[in-house]
Participant: 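Mind having a look at this structure? Questions to follow.
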Amino acid sequence: MRAVKFLSFKLHPTRPQVNIMERPLGHFERYQLTRALVSCEPILSLVASFPPQLRISGGAVQAAIATLLARHPLLSCVVADPQSCQPSFHSRDVQPVEVLEEIQVEAGSAVEDALLLGIKVGSKLSLETGPLWKVTLLESTAAMARVSGVPEDVSRRLVLSVHHVIADGMGTKGMLEELVALVCAPSPDLASVKSVAAPSLEFTIDIRPSTTQLLSTILTALVLPKLVPYLPPFLRPSTVPIFPGPSLVANAYTQRTTLLFTTLPSTQITALKAVGKLHGVPTLHSLIHGCLVAALVLARTLGPASSIETASLISLRSPTLHPSATGNYVSSLHTEYHDLTPQSSFWALCRSYAARLVSPQARALARGRMGLTAYVPNGKVGERVEFLRIRRDAEDPRRDSAYLSNLGVVAMPDGVDVAWAQNACAVGGCLGMNVSLIAIPAGAQLTPGDRSVRRREGHSRCPWSTSRAPSRTRSSKSSGRPSGLSFLGSLETIWTM
């Protein structure tokens, strides 16, 4: 295990304590770094939309950023020697003005535009010079307000762009929660802010794969592919394509990300939970995963010969071991479906996934998948990059039909909406579903088609976004957006069951 080294010293009169963090990148962080080095930058984009009555200023955002920099040393880090065999985090004196950018936008811009802006900003982050995160303050003013000077019609959005090398989904969620809380309340004195360490995943949690898992991976991923050309046809293992199959164009990693953003009101969330429990499905997450798989089944055009494979990201973050924000502490639960048809039982699908989600054996395999990143070739400079580049440029570089990443409830002040997304990646799932819940005060709820707060009973609502690379699909009928519509259709079917 590698230790984490922290130093503190005075460097700037307006920021009396600068926290220096120096440590090697963990194995999963190095995987995210390698993705960036093969032009598949892993970027997380989160958007907080403020109502007009919540007025925030650029100065308040800068002060909040300064507090985050003092609280979380990883936010001041760059990656030293990213191309080497041993890249490491090194701190530099990042100033809030480097992190924040203020932009005027037209009124009525869609949340998808803000999410895509966050991805675009994030894709330009420099690993070696930093910072590895950005905050964009979008100010949208109605045409009449610009003429009359009336400020009440001004609405604002905070767009948080984060490179995955310094934070996973839950770490970025923590960053947004703390950022918004600091913007809406007076920031503390920087001298009183305590820094929180961000050790690597394997430094705090045992993610070593079992011997069986390791040998199985070596056999299927490394040995068999090299032996197959020399085997007689009757001895060659049968291969089933993963839906939606290989790319129709070259250089799929260069294709843009397309987003579909949808919100479920709390009445439907409550109904979904209730009907799920009636059918033995205890969690909303299992139902959402079931709807995602059902959508893929409905969109599938290759027939039953293609398998559907999903990756569910499970947070390993612990309040006693890890910071509330920054850092990568996640595992990946891989699930394969080979025989599903539109006639398959939806509820049986959800129940089997719910049982798998809590299975100690399945969770150990999920942690082991993270530990397998330690075995990526790294004996010489550039070997890791070449390993991933070969996979990226393969006919079918993807290993999953889709991934599901659920942040759970995002703590926000009343009236603040949240959306989030990740960019599509040629070595990730073809379709990505990013889910978050927003708590609503008792007696208030968003109604369908209306983003204002109405007086009703309700507890939460569920916004999600799906990201995809359009060229990765077999036809326009299964291009990702129809899959999103099929997902909505799956939900509408559940209401009537």
Side-chain angles (χ1 to χ4, degrees), residues 209 212-213 215-225 227-228 231 233-248 279-281 285-314 331-359 361-366 368-369 372 391 394-404 427-433 466 468 472-475 477-480 482-483 486-487 489-490 493:
T212 302
Q213 185 178 14
L215 292 178
S216 174
T217 301
I218 292 174
L219 179 64
T220 57
L222 299 178
V223 177
L224 279 181
L227 289 179
V228 165
L231 297 176
F234 66 91
L235 287 180
R236 294 178 184 178
S238 59
T239 57
V240 179
I242 300 174
F243 178 77
S247 173
L248 298 180
H279 289 83
V281 183
H285 181 85
S286 298
L287 287 173
I288 293 175
H289 180 270
C291 291
L292 172 60
V293 174
L296 293 170
V297 171
L298 295 174
R300 182 168 52 185
T301 60
L302 297 180
S306 63
S307 67
I308 290 175
E309 304 188 12
T310 66
S312 302
L313 301 178
I314 302 175
S331 63
S332 178
L333 179 66
H334 187 77
T335 309
E336 301 180 9
Y337 302 95
H338 297 286
D339 303 316
L340 288 179
T341 70
Q343 288 72 43
S344 299
S345 170
F346 173 80
W347 295 112
L349 167 70
C350 293
R351 285 192 294 269
S352 66
Y353 175 79
R356 179 171 170 77
L357 198 60
V358 298
S359 164
Q361 294 80 8
R363 286 187 169 254
L365 286 174
R369 284 174 65 85
L372 287 171
R391 175 178 162 185
E395 181 185 11
D396 189 6
R398 300 186 186 276
R399 296 296 183 268
D400 300 300
S401 306
Y403 72 79
L404 172 60
V427 293
C430 184
L431 179 73
M433 177 168 289
T466 57
R468 65 180 177 90
R472 289 288 308 147
T473 58
R474 297 292 294 179
S475 70
K477 291 184 180 180
S478 60
S479 63
S483 297
S486 297
F487 178 80
S490 300
T493 301

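One is the number of the first residue; the rest follow in order along the sequence.
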Participant: Should Glu336 and Ser307 be marked as a side chain to side chain contact (heavy atoms under 4.5 Å, CB included) after you check the CA-CA gap, both sets of side-chain angles, and the distance that decides it?
Facilitator: CA-CA 7 Å; Glu336 301 180 9; Ser307 67; 5.9 Å; no
Participant: Can you tell me how far apart OG1 (Thr341) and CG (Leu298) are? Round to the nearest 0.5 Å.
Facilitator: 10.0 Å
Participant: Considering non-hydrogen atoms only, spot the tightest contact between Val358 and Arg363 and give its length.
Facilitator: CA-NE, 4.1 Å
Participant: Distance check, rounded to the nearest 0.5 Å: Thr217 atom OG1 versus Leu372 atom CG?
Facilitator: 4.5 Å
Participant: Between Ser344 and Val297, is there a side-chain heavy-atom distance shorter than 4.5 Å?
Facilitator: no
Participant: Going from NE2 on His289 to OG on Ser312, what distance comes out if it is rounded to the nearest 0.5 angstrom?
Facilitator: 4.0 Å
Participant: Specify the closest pair of heavy atoms between Leu365 and Gln213, including all atoms of both residues, with the distance to one decimal.
Facilitator: O-NE2, 3.0 Å
Participant: Which pair of heavy atoms, one from Ile242 and one from Asp400, lies closest together, and at what distance?
Facilitator: CG2-C, 4.2 Å
Participant: For residues Arg369 and Ser331, is any side-chain donor paired with an opposing acceptor at under 3.5 Å?
Facilitator: no
Participant: Quick one: SG on Cys350 to CG on Leu357, what's the gap to the nearest 0.5 Å?
Facilitator: 12.0 Å
Participant: Considering all heavy atoms of both residues, which atom of Cys291 and which atom of Phe346 are nearest to each other, and what is their separation?
Facilitator: N-CE1, 3.7 Å
Participant: One pair to check against side chain to side chain contact (heavy atoms under 4.5 Å, CB included): Ile288 and Met433. What are the steps and the verdict?
Facilitator: CA-CA 9 Å; Ile288 293 175; Met433 177 168 289; 3.7 Å; yes
Participant: For Ser401 and Ile308, work out which heavy atoms get closest and say how close.
Facilitator: OG-CA, 3.6 Å
Participant: Quick check for you: to the nearest 0.5 Å, what is the distance between Leu313 atom CG and Tyr403 atom OH?
Facilitator: 8.0 Å
Participant: Checking Tyr337 against Val293 for the side chain to side chain contact (heavy atoms under 4.5 Å, CB included) test, could you report, in this order, the C-alpha distance in whole Å, the side-chain angles of both residues, the deciding distance, and whether it holds?
Facilitator: CA-CA 9 Å; Tyr337 302 95; Val293 174; 3.9 Å; yes
Participant: Considering non-hydrogen atoms only, spot the tightest contact between Ala348 and Ser345 and give its length.
Facilitator: N-OG, 3.1 Å
Participant: For Thr212, is there any backbone N or O sitting under 3.5 Å from a side-chain donor or acceptor partner on Ser216?
Facilitator: no
Participant: Please report the interatomic distance CG(Leu292) to CG(Leu287), rounded to the nearest 0.5 Å.
Facilitator: 12.5 Å
Participant: The test is side chain to side chain contact (heavy atoms under 4.5 Å, CB included); show your working for Tyr353 and His285 and say whether it passes.
Facilitator: CA-CA 10 Å; Tyr353 175 79; His285 181 85; 3.2 Å; yes
